[in-house]
Structure formats: structure tokens, C-alpha cells
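Have a look at the structure below, then the notes.
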Protein chains: 2
Amino acid sequence: MKIDGRHYRSLWWNATADVLEIIDQRWLPHELRIQPVATLQDFADAIREMRVRGAPLIGATAAYGMARAMADDPSDQALDAAHRFLSDTRPTAVNLRWALDRCRDALRPLPPDRRAAAALELAHAIAEEDVEINRRIGEHGLKLIRDIAARKPAGEPVRILTHCNAGWIATVDWGTATSPIYQAHDAGIALHVWVDETRPRNQGALTAWELGSHGVPHAYVVDNAGGHLMQHGLVDMVIVGTDRTTRRGDVCNKIGTYLKALAARDNGVPFYVALPSPTIDWTVADGVAEIPIEERAAAEVTHVQGRAADGRVASVQVTPRGTGAANPAFDVTPARLVTALITERGICPATPEGLAGLFPELARAAE
Amino acid sequence: MKIDGRHYRSLWWNATADVLEIIDQRWLPHELRIQPVATLQDFADAIREMRVRGAPLIGATAAYGMARAMADDPSDQALDAAHRFLSDTRPTAVNLRWALDRCRDALRPLPPDRRAAAALELAHAIAEEDVEINRRIGEHGLKLIRDIAARKPAGEPVRILTHCNAGWIATVDWGTATSPIYQAHDAGIALHVWVDETRPRNQGALTAWELGSHGVPHAYVVDNAGGHLMQHGLVDMVIVGTDRTTRRGDVCNKIGTYLKALAARDNGVPFYVALPSPTIDWTVADGVAEIPIEERAAAEVTHVQGRAADGRVASVQVTPRGTGAANPAFDVTPARLVTALITERGICPATPEGLAGLFPELARAAE
């Protein structure tokens with residue numbers, strides 16, 4: 001999407017310099033720093049230190065890392081070593097493993113002297129696939145926004161609430177939850193986006209940065225505000241992303257998503273989840289009972305990062321000395337609270353039949 | 001309550017120095033600074049700058065301010081001037097006006113030479129009344145906690161979630177929502193308190209400081225976490241305070257309270273509201289429709305205060321430059337989501353009959 005009028009992706013291959021270029025997300029939303037990723041070690045660091053984040057983006061970055069490794073040494077041994085090395089950077093990231101396995105399985109049968117070129121082609125293909133999936137999610141979601149806009153008085157914006165950052169910088173382009181928003185904005189539909197702050201890591205600031213950079217009207221609100229906004233008719237729809245969706249449509253997403261889904265139901269506001277099909281976990285049905293929730297470091301809760309008075313990025317401790325914190329990173333929104341799922345193949349109810357109807361071959365393969 | 005084993009109130013009269021002493025709450029939870037409030041100007045500053053906060057505490061402070069004014073000059077003119085001067089410090093604080101009117105109405109009929117002593121007595125009485133109301137709220141709430149403790153396996157703590165700071169430092173002592181918690185802890189019941197951070201102003205840090213200082217086990221969580229905790233059976237009850245309760249039991253409290261009430265209902269967790277009867281607004285029935293919600297400064301949302309790496313209290317901006325924020329300060333939890341109200345006269349359902357049954361003379365007076 002655009003930053004001050006210029007189109008960016010969150011990574012791109014610089015063929016001249018033979019490096020991947022990324023937006024170093026640790027400095028967002030305060031500074032836009034573009035960084036070359038040159039060596040295999042650089043790739044591992046970029047993923048481990050969350051210079052890149054978001055499942056699809058991590059997967060694409062890892063694929064370029066495999067290309068780097070094959071350009072350095074295309075042997076079987078180097079292939080396996082790179083797979084292991086990159087895989088260890090974020091042990092729980094499903095997309096990372098998926099991308100690395102796909103690269104290894106495609107490259108292994110090739111003669112070594114063809115692997116470097118093939119690996120780079122494959123990385124490009126993985127990145128393009130992500131862009132295309134998200135573009136299609138946006139096309140389907142756009143229809144929902146258009147329908148709401150058609151029912152509103154002329155000139156009144158469609159008010160959309162979103163939680164966390166399921167934006168273009170979490171993917172290669174478009175984002176998932178933001179893709180319908182960008183497409184509606186680009187189609188000239190008046191929008192106002194309520195951006196949930198999303199403590200503890202404040203990914204809402206990333207979403208606000210994205211929307212502001214692309215020119216989409218929005219306001220940043222604390223996570224506590226959404227219920228009140230819905231009670232007063234100030235939210236027309238909620239769109240969020242998901243880290244993992246069960247085969248019956250339970251949605252595991254950033255902590256606090258469930259609270260917004262409850263408020264949406266209590267106020268008759270439609271609650272949509274945008275998801276690329278790779279996030280569907282066909283092996284799981286009951287998300288609350290079956291999905292283990294990652295407990296992250298207490299420091300994410302006790303400390304907040306931002307821009308200090310001197311302009312530098314700094315962190316302050318908000319809790320008293322000695323206070324402990326719990327930090328569950330995700331929660332599960334039961335399918336009963338989800339109005340519909342927006343996928344790259346269309347929109348379906350959050351039910352086993354809904355998902356299997358759109359993805360019959362995946363549902364069958366998992367049986 | 002206690003700070004490191006020593007009992008404190010949030011204000012006390014120092015007769016030797018002829019000043020009020022307060023805990024300057026702007027520095028909490030990071031520093032305990034006790035400050036004398038000597039001149040009438042000091043009293044106005046203490047209230048306006050939120051060195052004292054919380055409706056009951058502001059009321060008591062203002063009453064001591066009237067005593068200060070009468071000691072300086074007990075004339076009718078000085079009485080009216082002090083009332084006006086203190087009243088202007090927080091234009092929307094109902095308790096402030098209530099305390100000041102009460103002082104003026106009691107002092108005006110007295111001969112000027114008796115006003116200084118009477119004003120100080122009245123300030124003491126207002127402070128003591130607040131302590132007594134909160135103590136009783138705690139006694140009634142303690143029964144609820146005891147009942148839950150009795151149903152749990154031995155040694156397992158009663159897990160209570162609270163939002164914002166309805167604690168002893170928002171009152172003269174005990175607090176409202178925290179009073180049952182302190183009494184249960186002091187009675188030897190094992191507790192674990194989940195303290196909601198309560199963005200934007202992070203009053204949860206005050207609650208965490210209070211609980212830690214008194215020795216009550218607790219953990220600080222982001223406002224997003226409560227739903228997940230309830231889904232997993234980790235919350236036995238919710239207790240919150242209220243700024244204003246309608247005659248039918250709708251509860252206007254710090255923004256985000258409504259979301260926790262929704263999660264409590266969805267998970268069968270009892271949701272209690274602790275309230276001193278002065279917070280009942282008998283003129284209002286439908287809280288969502290009738291109570292105007294204060295929109296506060298965007299800077300409370302865009303900036304976060306805490307302790308910087310150098311130990312000083314500092315603030316950082318969490319949003320990108322140019323991002324606007326909305327900041328509704330309160331929301332309304334409809335009575336249908338409230339399990340019961342805990343008042344100084346006992347526990348009642350959140351219904352017109354429930355409240356009128358406990359406070360018949362107030363209900364009648366408002367008819």
C-alpha cells in the first residue's frame with residue numbers, strides 16, 4: 001500500500017544489490033527504516049528479532065532466506081542446515097515452517113546448480129501468492145462494505161472497528177482485515193476506522209500508521225472503548241484478522257478480540273473475520289478447549305514503548321515495582337459470535353459446512 | 001489501609017502543623033509523596049491538579065478546604081467565596097458540590113466566631129462517614145467472597161477481577177470495590193486479584209500499588225485479557241466501583257467496564273458493583289440513553305506515563321505523529337448484566353425495586 005503517495009510492499013528483492021529489503025518494524029510507527037537483509041544470519045535475525053512480523057510476511061522472508069542460502073552453497077547439506085537454522089528462529093510460527101518445508105521439498109529434487117535460481121523464483125512466487133490471496137479477501141470484503149454504505153445517508157462514512165494489526169505490513173501487501181478497507185477507500189467509499197490500541201504490544205499504532213500513510217480516515221482508541229462506541233451506534237461493522245481458525249469457525253486472534261465480538265453481538269453489529277485459508281487448522285474443532293494460548297513475557301505488559309520527549313524511542317514502566325503481570329497473547333472467539341468469515345474464495349458462515357463448502361479439498365484432506 | 005505494614009488514610013489532619021496532609025497521587029504508583037495542603041490556594045490546586053482524585057476523597061478534601069477558609073476569615077463573604085473558589089476546581093464532580101453545599105449550609109447559620117471550629121469538625125465528620133460507608137460495603141461484600149471460598153477446594157484462592165481504581169486512595173479509606181477484598185484478605189481468605197490496567201489512565205497501576213502495599217496477592221493484566229481468563233475458569237467474580245448508578249441499576253463506570261460485564265455473563269461469572277448510596281442518581285433510569293459521557297483529552301490516549309530507565313517519571317507517545325484519538329472516559333453497563341449491587345445497607349438486585357427497597361427514603365424523595 002502507500003506511504004505518502006508512494007507504493008510499498010513490506011519486503012522486496014533488490015536484484016542489483018542481491019539483497020532483500022525490508023521495513024524494520026521494530027521502529028514503527030515512529031520511524032520508517034528500510035533495511036537490507038544480506039546474509040543468512042541477517043535473515044535469521046530479522047525473523048527472530050521481529051524486524052518482520054505477521055505470519056505471511058515471516059513465511060515469505062524465510063523463503064528468501066532459503067534463496068540466500070542456496071546462492072551461497074546449493075548442497076544438500078546446506079539446504080537442510082538452512083531449513084533448520086531459519087526454522088529455529090520462531091519455534092511456534094506455523095507459516096514459517098510451512099514456507100520452509102515447501103522450499104526444501106521443491107529444491108531437494110533439483111540438481112544443485114539449479115537450486116539458487118529456483119529458490120529465488122519460489123520465494124517470489126510465495127510472496128506473490130500472499131499478495132493475491134489478500135487482494136481477493138479484500139475484493140470479497142469490499143462487497144460487505146459497499147452494502148453498508150448503500151444503506152447509509154449519503155456522505156456518512158462506514159465506521160469499521162478493527163483490533164490488532166492484520167494490515168499490509170503483517171503480510172507482503174494489502175493485509176487481511178485491512179484489505180477490504182483499502183479497497184473500499186480506493187473505490188471512493190467514505191470510511192472511518194476505529195483502531196483498537198491492542199495492548200500489550202500496541203499493534204494498533206501500526207494499523208494507525210498504515211491507515212494514515214495511505215490516507216484512510218481513522219481514530220485510535222483504547223481497547224476499552226469499543227463497547228461504548230457500539231452502544232451508541234458508532235460502529236457499523238467489525239473486521240479482524242486471525243492467527244488460527246478451527247474447522248468449525250472458532251477464531252484464535254490477538255487477546256481482546258473476544259471482548260469485541262461479545263460487544264458486537266450485544267449491539268447487533270456484524271463481526272467479520274478475514275482469513276487466508278492457510279490459517280485454517282482443520283485438525284481442531286473447539287478452539288477454547290483445544291488451542292493452547294501462548295503466555296508471553298510480563299515485560300510486554302509492565303512496560304510500554306513510545307516516543308519520548310526528546311524524540312527517541314524509549315520504554316517506560318507503567319506498573320509499580322514488584323507487581324507481577326500475566327500476559328496471555330491470544331484469545332478464542334467462539335464461532336457463534338462470528339457473523340461470517342471472509343476468505344480468498346469468498347464469504348462463508350463460521351460453521352464446519354461453511355468452511356468445507358469453500359475449501360472442500362482441504363477439508364477432505366484433513367479427514 | 002496499609003503501606004508496608006503501617007496504616008494510612010489517603011488524607012489526615014495534622015493538628016500540630018494546622019495543615020491537611022495528603023498522598024500526592026500524581027506520583028503513584030511510582031513514588032509515595034506526602035504533601036501538606038496549607039492555604040486555600042493549595043486546596044484548590046490539590047483538587048484541580050488531581051493530587052487527590054476519586055469522588056469521596058475530593059469531597060472530603062474540599063470540606064477541609066472550607067475549614068481552612070473559615071480559620072482564615074469566618075465572614076459570610078469569605079464563606080461564599082471559598083465555596084465558589086473550591087467548586088470551580090472540578091466543574092463536573094458531583095461529590096465536590098455535595099460536600100461544599102453541605103459545609104456552607106451548616107456553617108452559614110452559625111455566628112462567625114464559631115465557624116472555624118465547626119467547619120473542622122464537619123470535615124472530620126465527612127471523612128469519617130466515608131470511611132464508615134466503605135467499611136460497611138466491605139462487610140456485605142465479604143459475605144459473597146466467603147460463600148465462594150467455601151465452595152472451592154481448600155487452599156485455592158478466590159479469584160477476583162477488578163477494573164480501574166475503586167480503591168482506598170480514591171476514598172478516605174477502604175475503597176468501594178476493594179473494601180470486600182481487603183476485608184476478606186484481613187479475614188484470612190486466600191485471594192488472587194486480577195487487576196485490569198484500565199487504559200487510558202492506567203488506574204490499575206494504583207490498584208496494584210494498593211494491593212501490593214497491603215499484601216494482597218494480585219497480577220496486573222491488560223484490559224484485553226479478562227474475557228480469556230473467564231473463558232478458562234480463572235475468574236470467580238468481578239467487583240467494580242461506579243461513578244453514577246441509575247435508579248434502575250444501570251452502572252456508569254470507567255470505560256471498559258461494560259466489556260467485562262459482557263464477558264462475565266457469557267461465562268457465568270457473577271458481576272458485582274460496589275457503591276456508596278451518594279452515587280445513585282435517582283433522576284436517571286436508562287443510563288445508556290440518558291447519561292452524557294465525558295470525552296477527555298486525546299493526549300491521555302496517545303501518551304502513556306511511567307517510570308523511565310533513569311528512574312524518573314516520564315511520558316511517551318505511543319501513536320504515530322498526526323494520528324487522532326477518541327477518548328470516551330466512561331461507559332454504561334446495563335442493569336441486566338449486573339448480578340447485584342453492594343451498598344452500605346446491604347446487597348440488592350440491580351433493579352428499581354432493589355434500590356428502592358434498601359433506600360426507601362431516597363427513592364421517595366426523588367419521586
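No experiment lies behind these values; they were computed from the predicted model shown. Residue numbering restarts at 1 for every chain, and letters A, B, ... go by the order of the sequence lines.
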Exercise. Can you check side chain to side chain contact (heavy atoms under 4.5 Å, CB included) on A:Val238 and A:Leu161, steps first, answer last?
Worked result: CA-CA 5 Å; A:Val238 180; A:Leu161 186 140; 4.2 Å; yes
Exercise. Closest approach of B:Asn165 and B:Ala170, non-hydrogen atoms and distance?
Worked result: OD1-CB, 3.7 Å
Exercise. Looking at A:Gln317, A:Arg307, A:His218, A:Glu31, which has the largest count of heavy-atom pairs under 4.5 Å with chain B?
Worked result: A:Arg307
Problem set entry | Structural part of A:Arg321 lying under 4.5 Å from a heavy atom of chain B | side chain
Seminar exercise, completed: Scored by heavy-atom pairs under 4.5 Å with chain A, the best of B:Gly306, B:Ala298, B:Ala289 is B:Gly306
Exercise. Between B:Val318, B:Asp331, B:Val304, B:Asn202, which has the largest tally of heavy atom pairs under 4.5 Å with chain A?
Worked result: B:Val318
For this session: Please confirm whether the backbone N or O of B:Cys164 pairs with a side-chain atom of B:Thr207, one donor and one acceptor, at under 3.5 Å?
Result: yes
Seminar exercise, completed: Residues of residues 219-228 of chain B with a heavy atom under 4.5 Å from any heavy atom of chain A, in residue-number order, are B:Ala219, B:Tyr220, B:Val221, B:Val222, B:Asp223, B:Asn224, B:Ala225, B:Gly227, B:His228
Exercise. When only pairs under 4.5 Å are counted, which of B:Val313, B:Val301, B:Asn327, B:Asp196 shares the most heavy-atom pairs with chain A?
Worked result: B:Val301
For this session: Considering only NZ, NE, NH1 and NH2 on the basic side and carboxylate oxygens on the acidic side, decide whether B:Asp4 and B:Arg6 come within less than 4.0 Å.
Result: no
For this session: List the steps and the verdict of side chain to side chain contact (heavy atoms under 4.5 Å, CB included) for A:Arg51 and A:Ile22.
Result: CA-CA 8 Å; A:Arg51 297 177 206 176; A:Ile22 61 165; 3.9 Å; yes
Exercise. Would one find more than 12 heavy atoms of other residues, nucleotides or ligands at under 6.0 Å from atom NZ of B:Lys152?
Worked result: yes
Exercise. What option among B:Ala329, B:Gly212, B:Ala205, B:Gly204 has the most heavy-atom pairs under 4.5 Å with chain A?
Worked result: B:Ala205
Exercise. Between B:Glu197 and chain A, which part of the residue has a heavy atom less than 4.5 Å away: side chain, backbone, both or neither?
Worked result: side chain
For this session: Go through the atoms of B:His232 and report whether side chain, backbone, both or neither lie under 4.5 Å from a heavy atom of chain A.
Result: side chain
Seminar exercise, completed: Of all heavy-atom pairs linking B:Thr333 and B:Ala261, the shortest is CG2-CB, 3.4 Å
Quiz: residues 262-269 of chain B side-chain donor-acceptor pairs under 3.5 angstrom, not counting sequence neighbours:
from, atom 1, to, atom 2, distance (Å)
B:Arg265, NH2, A:Asp266, OD1, 3.3
B:Asp266, OD1, A:Arg265, NH2, 3.3
B:Asp266, OD1, A:Arg336, NH1, 3.0
B:Asp266, OD2, A:Tyr258, OH, 2.7
B:Asp266, OD2, A:Arg336, NH1, 3.4
B:Asp266, OD2, A:Arg336, NH2, 3.0
B:Asn267, ND2, A:Tyr258, OH, 2.9
B:Asn267, ND2, B:Ala263, O, 2.8

Exercise. What's the shortest heavy-atom distance between B:Arg159 and B:Gly233, and which atoms?
Worked result: NH2-O, 3.5 Å
Problem set entry | Residue, of B:Ala326, B:Pro320, B:Pro29, that accumulates the most heavy atom pairs under 4.5 Å with chain A | B:Pro320
Problem set entry | A:His163 portion near chain B, given a 4.5 angstrom heavy-atom threshold | side chain
Exercise. Which answer fits B:Gln305, side chain, backbone, both or neither, if we ask what part of it has an atom under 4.5 Å from a heavy atom of chain A?
Worked result: backbone
For this session: Pick whichever of B:Ala314, B:Pro328, B:Ala309 has the most heavy-atom pairs under 4.5 Å with chain A.
Result: B:Pro328
Problem set entry | Closest-packed option against chain B by number of heavy-atom pairs under 4.5 Å, given A:Leu206, A:Ile293, A:Leu259 | A:Leu259
For this session: Give a yes or no answer on whether the side chain of A:Gln231 reaches the backbone of B:Val332 with a donor-acceptor pair at less than 3.5 Å.
Result: yes
Exercise. Do B:Tyr8 and B:Ile34 come within less than 4.5 Å of each other through their side chains, counting heavy atoms only?
Worked result: yes
Problem set entry | Nearest non-hydrogen partners of B:Leu191 and B:Pro157, listed with the distance | C-CB, 3.7 Å
Exercise. Closest heavy-atom contact between B:Ala335 and B:Asp250?
Worked result: N-OD1, 2.8 Å
Problem set entry | Region of A:Thr319 that comes under 4.5 Å of a non-hydrogen atom in chain B | both
